[in-house]
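None of these values were measured; they are calculated from a predicted model. What you see below is based on every heavy atom in this structure, not just the backbone, and it leaves out hydrogens, waters and symmetry mates. First the proteins, then the strands, lettered A, B, ... as listed; each starts at 1.
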There are 2 protein chains.
Amino acid sequence: MRYYRFLSEAPRRRTGPTVTSAEIAEALDIDPTQVRKDLGSIGIVGMGRVGFETCEVCRSIRAALGFDREVDAALIGAGRLGSALLTYDGFARYGLDIIAAFDNDKKLKGRKVAGRVVKPMQALRPFVEKHGVQLAIITTPATASQHIADRLVEMGIKAIWNFSPTRLLVPAGVLVRDEHISLGFAEIAHHLSYLEET
Amino acid sequence: MRYYRFLSEAPRRRTGPTVTSAEIAEALDIDPTQVRKDLGSIGIVGMGRVGFETCEVCRSIRAALGFDREVDAALIGAGRLGSALLTYDGFARYGLDIIAAFDNDKKLKGRKVAGRVVKPMQALRPFVEKHGVQLAIITTPATASQHIADRLVEMGIKAIWNFSPTRLLVPAGVLVRDEHISLGFAEIAHHLSYLEET
DNA sequence: TAGATTGTTAATCGATTAACAATC
DNA sequence: TAGATTGTTAATCGATTAACAATC
C-alpha cells in the first residue's frame with residue numbers, strides 16, 4: 001500500500017519512466033532488498049541496469065491490492081461522519097463507490113448528501129439484494145451498530161467497514177475492518193506525555 | 001492499546017477483580033507469555049495463583065499510554081469531518097479535549113458546532129500561544145494542509161493529527177500522525193477481490 | 001564491454017513461543 | 001500443602017539485512 005501511494009505520485013515528481021528499488025527504499029525508509037522481495041512476491045520482475053517500470057508496477061500493485069475493480073458500498077448512518085465519507089471524492093481512485101446512504105433519522109429522510117438521496121433503513125435489504133452490495137460502511141452510534149451488522153450479515157454482505165466505536169461480532173467469512181480513530185490518538189498521547197517527561 | 005480496550009470493558013463483563021494472562025491472551029488472540037512480558041515492561045507485576053488486578057493494570061496502562069493527562073487540541077477545518085470529530089464524545093475517555101475549531105469559510109464563521117464557536121483562521125496563532133496548545137487536528141482539504149502545518153510548526157505545536165489525504169512534511173521533533181482512511185480500504189478491497197477469485 | 005541493478009541465497013537480528021522453577 | 005499462575009531463561013520461528021553472481 002505504501003508502495004502504491006509512492007508510485008502513483010511518481011508522475012508528479014517528473015522522474016523518468018523507471019524507478020529503482022534503491023529509490024523506493026530511500027523514499028519509504030526501508031531496505032532495498034525488501035522492496036525487491038515484495039515486488040517479486042506479486043510477480044513483478046525488474047530489469048537489470050534500469051530498475052522497474054513505474055507504470056507497470058503501479059498497475060500490478062493496483063491489481064494485487066484489489067483496487068482494479070469497482071466495489072459498490074452502502075453507507076449506513078448519514079450523520080456527520082457519514083456525510084464526510086459520502087462527500088470525500090478520493091475513494092474513486094481506489095475503486096470504491098458509495099452507491100447509497102441509509103439512515104433512520106426522519107430529519108435526513110429524502111435529503112441529499114453529496115448528490116445521493118438518503119434512504120430509510122427499510123429500503124436497505126431490498127437494495128442490498130437487488131444490487132448485490134458486498135460492502136457496508138457503518139457510521140451509526142455504537143449502540144445500533146451490532147444490530148445493524150447482524151442484519152447485514154443476514155443479507156449476505158461480505159465485508160463491513162466499521163467507523164462506529166465498537167468492536168463488531170460477525171461470523172467467520174465476513175470481514176470487519178474496525179476504524180477506531182481513538183487508536184490513532186494513542187500514539188499522539190504517548191508522544192506528548194513523553195515530551196513532558198524530558 | 002488493545003489491552004486497554006479489553007480491560008476497560010472488564011467491568012461490563014462482570015468478571016472478578018482480577019484477570020489472568022491466559023484470559024487476556026485468549027480474548028486478544030495472542031500468546032499468554034506475550035501478555036506477561038508486555039505488562040511486565042511497563043512495571044506491572046502480577047500475583048501468582050490469581051493473576052493481575054484489573055483496575056490497577058488499567059490505571060498503569062492509562063499512564064503508559066499517556067491517557068492520564070488532559071490534552072488540549074485545536075481543530076483546523078470545521079467541515080463535515082471536522083464537525084464529526086467535534087461532535088464525537090468518545091475522546092474525553094482518552095483525555096483529549098478539542099477546545100477550539102478554526103475555519104476560513106465565511107459560512108461557518110461564528111456558527112456553533114457541538115457547542116464550540118468556529119473561529120476564523122486569523123485567531124489561530126493568538127489562541128495557540130495563549131493556551132499553549134500542543135496538538136492540532138487538521139481536516140482541511142489536501143491543498144491547504146501543508147501550508148497550515150507549516151504555520152502550526154512555527155507556532156510551536158508539538159503534534160499534528162492529520163486527517164487530510166496528504167503526507168505532511170514537518171521538521172523532526174514534531175509528530176505527525178496521518179489518518180488515511182483509504183488505507184483501511186486496502187484491506188477490504190484485498191479481501192473482496194480474494195473472494196472473487198475463489 | 002563496463003557498470004548498475006536485479007533476484008536469490010546465506011547470515012543476522014528481533015520477536016514470538018515453549019519450558020519451568022519461583023511464588024502466592 | 002497443593003495447585004494455579006507468574007516472571008524469566010532458552011529455543012524457535014520469521015522477518016530483515018547483507019552479500020554476490022546473474023542480467024540487461
Worksheet item: Okay, side chain of B:Gln134, backbone of B:Ala159: is any donor-acceptor separation there less than 3.5 Å?
Response: no
Discussion item. Can you list everything that forms a side-chain hydrogen bond (donor to acceptor under 3.5 Å, both in side chains) with B:Ser164? Sequence neighbours excluded, please.
Written reply: B:Ser145, B:Asn162
Worksheet entry | Euclidean distance, atom CD1 of residue B:Ile30 to atom P of C:dA15 [Å, nearest integer] | 15 Å
Protein-nucleotides 2-4 of chain C N/O pairs closer than 3.5 Å?
from  : atom 1 : to      : atom 2 : distance (Å)
C:dG3 : N2     : A:Arg49 : NE     : 3.3

Worksheet item: C:dT16 P sits how many Å from B:Leu28 CG, rounded?
Response: 14 Å
Response to the item:
B:Asp105 meets the side-chain hydrogen bond (donor to acceptor under 3.5 Å, both in side chains) criterion, sequence neighbours left out, with none
Item to complete: For A:Asp31 and C:dG14, give me the distance from atom CG to atom C1', rounded to whole Å.
Response: 15 Å
Fill in: Summary of salt bridge (Lys or Arg N to Asp or Glu O under 4.0 Å) pairs that have at least one residue in residues 159-180 of chain A, sequence neighbours excluded
A:Arg177-A:Glu179, A:Arg177-B:Glu187
Discussion item. How many whole angstroms separate atom CG of A:Asp29 from atom P of D:dT16?
Written reply: 13 Å
Worksheet item: Can you list every pair that meets salt bridge (Lys or Arg N to Asp or Glu O under 4.0 Å) and has a residue in residues 128-144 of chain B, with sequence neighbours left out?
Response: B:Arg125-B:Glu129
Please write out the pairs of protein N or O atoms and N or O atoms of nucleotides 7-12 of chain C separated by less than 3.5 Å, giving the distance to one decimal.
from  : atom 1 : to      : atom 2 : distance (Å)
C:dG7 : OP1    : A:Gly46 : N      : 2.6
C:dG7 : N7     : A:Arg36 : NE     : 2.8
C:dG7 : O6     : A:Arg36 : NH2    : 2.8

Fill in: Partner set under salt bridge (Lys or Arg N to Asp or Glu O under 4.0 Å) for B:Glu70, not counting sequence neighbours
none
Worksheet entry | Which residues share a salt bridge (Lys or Arg N to Asp or Glu O under 4.0 Å) with A:Glu9, sequence neighbours left out | none
Worksheet item: Can you list the residues that meet the side-chain hydrogen bond (donor to acceptor under 3.5 Å, both in side chains) rule with A:Tyr4, with sequence neighbours excluded?
Response: A:Arg62
Practice prompt. Name the orientation class of the two ring planes belonging to A:Phe91 and A:Tyr88 (parallel below 30°, tilted from 30 to 60°, perpendicular beyond 60°).
Written response: perpendicular
Worksheet item: Starting at CD of A:Gln34 and ending at P of C:dC13, how long is that distance when rounded to a whole Å?
Response: 17 Å
Worksheet item: Taking a hydrophobic cluster as the set of Ile, Leu, Val, Met, Phe, Trp and Tyr residues connected by side-chain heavy atoms closer than 4.5 Å, whether directly or through intermediates, do B:Ile76 and B:Leu175 fall within one such cluster?
Response: no
Discussion item. Side-chain N or O of B:Ser21 versus OP1/OP2 of D:dT6: is the shortest distance under 4.0 Å?
Written reply: yes
Discussion item. Under 4.5 Å between side-chain heavy atoms, counting indirect links through other Ile/Leu/Val/Met/Phe/Trp/Tyr residues: same cluster for A:Leu75 and A:Val170 or not?
Written reply: no
Worksheet item: With Watson-Crick and G-U wobble geometry limited to distances under 3.5 Å, how should the secondary structure of DNA chain C be encoded in dot-bracket form, using | for bases paired to another strand and [ ] for crossing pairs?
Response: ..||||||||||||||||||||||
Fill in: Members of residues 55-63 of chain B that approach DNA chain D, where some heavy atom sits under 4.0 Å away
none
Worksheet item: Does any non-hydrogen side-chain atom of A:Tyr3 lie less than 4.5 Å from one of A:Leu65?
Response: no
Worksheet entry | Other cluster members, B:Val50 - Ile/Leu/Val/Met/Phe/Trp/Tyr, side-chain contacts below 4.5 Å | B:Met47
